[in-house]
Engineer: 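Have a look at this one before I ask anything.
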Protein chains: 2
Amino acid sequence: MIQPRLRTIPEATVARLAVYLRVLAGFADGGRTTVSSGELASAAGVNPAGLRKDLSHLGSCGVRGVGYDVRALRERIARVLGAEQSRACVLVGLGNLGTALADYAGFGSRGFRFTGLFDAAPDRVGERIGGLTVQPMTELEATVTGTGVSIGVIATPAEVAQQICERLTAAGVRSILNFAPVTLTAPAGVDVRQVDLSVELQVLAFLGQQRAVPAGEVSA
Amino acid sequence: MIQPRLRTIPEATVARLAVYLRVLAGFADGGRTTVSSGELASAAGVNPAGLRKDLSHLGSCGVRGVGYDVRALRERIARVLGAEQSRACVLVGLGNLGTALADYAGFGSRGFRFTGLFDAAPDRVGERIGGLTVQPMTELEATVTGTGVSIGVIATPAEVAQQICERLTAAGVRSILNFAPVTLTAPAGVDVRQVDLSVELQVLAFLGQQRAVPAGEVSA
DNA sequence: GGATGTGAAGTGATTCACAGCC
DNA sequence: GGCTGTGAATCACTTCACATCC
C-alpha cells in the first residue's frame, strides 16, 4: 500500500506562505480585518489564483464573496509553518552578515530564537548583539545540546564553513542554513540550504542584459 | 511569424551557472586543468545530468570521454553571464547587511563593481567601506547618472525601501535587488528581485518539522 | 454579485537513458 | 571504456476557467 503523500505542501508554496505572513502582519497593523485574494496577492507580488491555490493547501479558510479574515488566516499560516512555537537556533560567525542576522527582528516574530552566537575572533567574544553575548567557539557543542537547538546558521568565511557544519551535525543539529559561498557536504538526514547572496545579483544582471538584446547575437 | 525564443537560457540554469563559476574558480586554484560533469556536479551540489543540460545551453564545450577544460569552461560561463565586463552598481543602506554586501569579495570577481554607497545616517557618511566612501543620500542621483549604474541594491529598513526604489528608477536604474522585507512596486520595464533572508530559514524549519512527522496528524 | 476553492490544462524544470564521440 | 550531449519521460509548479457558496 502506497501512502499517497497526504499532508504535503509544495516547497514553493511554503516559501510564499512566509511572505503572506509578513504581508498579513502589515494589513493587521493597518487595522484591516478582512482581505481579498486580489489585494493580498498584489501586496505580496504574486498572482491571485496562485495565492488561492497556496492557501487551499492549508484547508479552506476564506469566505466566498467576502475574502479572508486577516487574523484567522494569519494564525492558520503561522500554525502550519510552525511559527507559533519558538525554535532555538545558533548562529556561527559574527561578521557584518552574521551581525545583521542576529539583529534582524523578522526572525523573532516568525518563531525563531537565537540561543547562541559564536565567533572565533577573541575580540568579538563578549560583545552583546541583539540581546545575546557572543561566545567562543569552544562553547558551541554545549549550547547545542543544552538548549535543544534545531537549526544552525553559518555566516563564517568560506574556509571554515565545512568544519563548522561538521561540528554542528556531530552535536545533533539536523537543519543548517549556510551563507558561506561553499557547497557543504553533510551526512544523510541533515538538511542543508545554501544561500548565495551574489547569485541573485547575477541572475538580475543576466535578465537585464538579456532584455537589452532580446533576440540578439552573441558578440563574436 | 513567431520568433521561437532562441538564445534564451532558463532562469534556474542561470542561477546554477553562477555557482559553477565559483566552483570552477576553486578547481582552477587547485591546479586542475580538466574536470568531469560528475566531479563538478558533486562540488556544486547538483545532479550530473542536470549540469550537462545546463552547460548544453551555452553550446557544446566539453570533450566526450574526457570532460571539460576548466579554464575554457570558466571563460565560457563568464562571457555568457556577462561577468567579464564590469557592471556598475550602487548600494543604498549601510547597516550591517549593507556593509556585508559592500565588503563581499565575491561581487568583484563576478563582474560587479560598486560605484556608490549611500546612507541617510550622518554619522555613517564619510566612513570608508571596501575601498569606497559612504555618501549622503543627496548624491544618489548624480552618481547614478554620472557612472552609468545599471543595478541598484537596497539594504535599508523596510520603511524607506519603496521611496529609494522610486528615486533609483527615476534616475534611470532598470534592475533592483531588494533586501528589505517589503514587496516593492516599480514601473514596467524595471526588474525587481526580492531577497528575504528569513524565508529560507522558514522553509528549512518547515522541511525539518515535516520530516519529523512524515505522514502525521495536524495537532488539533 | 462577488470572491473562494479546485479540477484541468499548460508550462517549465528535472531526471533518465542512451546515442555519439574520443 | 568513459564521458558528453540530448531527446523523451517524468515531475513540479503555474495559470486558467468555472462550479460553488455567501
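Below, chains carry the letters A, B, ... as their sequence lines are ordered, and counting in each starts from 1. Note that this is a predicted model, so its numbers are computed, not measured.
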Engineer: Strictly below 4.0 Å, heavy-atom distances to any atom of DNA chain C: list the hits from residues 11-18 of chain A, or just say none.
Structural biologist: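 Within residues 11-18 of chain A, no residue comes under 4.0 Å of DNA chain C.
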Engineer: I'd like to check A:I164 versus A:F118 (side-chain heavy atoms, cut-off strictly below 4.5 Å). Are they in contact?
Structural biologist: no
Engineer: Tell me the salt bridge (charged side-chain N to carboxylate O under 4.0 Å, His left out) pairs involving residues 150-167 of chain B, sequence neighbours left out?
Structural biologist: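 Every salt bridge (charged side-chain N to carboxylate O under 4.0 Å, His left out) pair that includes a residue of residues 150-167 of chain B, provided the two are not neighbours, is B:E141-B:R167.
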Engineer: Test B:T143 against every option in B:T147, B:T145, B:L140 by the side chain to side chain contact (heavy atoms under 4.5 Å, CB included) rule and name the one that passes.
Structural biologist: B:T147
Engineer: Does anything in residues 64-75 of chain A come within less than 4.0 Å of DNA chain D? Heavy atoms only, and list the residues if so.
Structural biologist: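 Close to the strand are A:R64.
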Engineer: Does anything in residues 14-36 of chain A form a salt bridge (charged side-chain N to carboxylate O under 4.0 Å, His left out)? List the pairs, not counting sequence neighbours.
Structural biologist: A:R16-A:D54, A:R22-B:D196, A:R32-A:E39
Engineer: Tell me which residues in residues 181-196 of chain B lie within less than 4.0 Å of DNA chain C, going by non-hydrogen atoms.
Structural biologist: none
Engineer: If we ignore hydrogens and angles and just use 3.5 Å, is the side chain of B:R87 paired with the main-chain N or O of B:G82 as donor and acceptor?
Structural biologist: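 A pair under 3.5 Å: yes.
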Engineer: Heavy atoms of chain A, cut-off under 4.0 Å: which first and last nucleotide of DNA chain D, 5' to 3', fall inside that, if you could look?
Structural biologist: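 For DNA chain D, the relevant span reads D:dC13 to D:dC22.
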Engineer: Please list all pairs passing the salt bridge (charged side-chain N to carboxylate O under 4.0 Å, His left out) test where one or both residues lie in residues 171-185 of chain A, with sequence neighbours left out.
Structural biologist: none
Engineer: Only pairs at least two apart or in different chains count here, so list each salt bridge (charged side-chain N to carboxylate O under 4.0 Å, His left out) that has a residue in residues 179-195 of chain B.
Structural biologist: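 Matches after skipping sequence neighbours: A:E200-B:R193, B:E11-B:R193.
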Engineer: Is there a residue in residues 43-54 of chain B whose heavy atoms reach under 4.0 Å of DNA chain C, and which residues are they?
Structural biologist: B:N47, B:A49, B:G50, B:R52, B:K53
Engineer: Under the side chain to side chain contact (heavy atoms under 4.5 Å, CB included) rule, what do B:L21 and B:R74 come out as? Steps first, then yes or no, please.
Structural biologist: CA-CA 6 Å; B:L21 206 50; B:R74 217 179 147 185; 4.2 Å; yes
Engineer: Within the distance-only criterion (no hydrogens, no angle test), does the side chain of B:T169 pair as donor or acceptor with the backbone N or O of B:C165 below 3.5 angstrom?
Structural biologist: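 Yes, B:T169 side chain to B:C165 backbone: donor-acceptor pair under 3.5 Å.
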Engineer: A side-chain contact here means heavy atoms from C-beta on lying under 4.5 Å apart; do B:L40 and B:F27 qualify?
Structural biologist: yes
Engineer: Please list, one pair per line, the donor and acceptor atoms closer than 3.5 Å that link side chains of residues 58-71 of chain B to other protein atoms, with sequence neighbours excluded.
Structural biologist:
unit_1: B:D69; atom_1: OD2; unit_2: B:R71; atom_2: N; d: 3.3
unit_1: B:D69; atom_1: OD2; unit_2: B:A72; atom_2: N; d: 2.8

Engineer: Sequence neighbours left out, what passes side-chain hydrogen bond (donor to acceptor under 3.5 Å, both in side chains) with B:S37? Give chain and number order.
Structural biologist: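 B:S37: side-chain hydrogen bond (donor to acceptor under 3.5 Å, both in side chains) contacts with B:R52.
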Engineer: Please name the pair of heavy atoms, one in A:L101 and one in A:F114, separated by the smallest distance, quoted to 0.1 Å.
Structural biologist: O-CE1, 3.6 Å
Engineer: Given side chains that start at C-beta, do those of A:Y20 and A:L55 come closer than 4.5 Å, heavy atoms only?
Structural biologist: yes
Engineer: Taking the side chain as every heavy atom from C-beta outward, state whether A:V192 and A:V190 have any pair of such atoms under 4.5 Å apart.
Structural biologist: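 In short, these two side chains touch, coming nearer than 4.5 Å.
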Engineer: Does the side chain of A:F206 reach to within under 4.5 Å of the side chain of B:L17, using non-hydrogen atoms?
Structural biologist: no
Engineer: On DNA chain C, which is the earliest and which the latest nucleotide, 5' to 3', with an atom closer than 4.0 Å to a heavy atom of chain A?
Structural biologist: C:dG2 to C:dA8
Engineer: Taking the side chain as every heavy atom from C-beta outward, state whether B:H57 and B:P10 have any pair of such atoms under 4.5 Å apart.
Structural biologist: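 Yes - at least one pair of side-chain heavy atoms lies under 4.5 Å apart.
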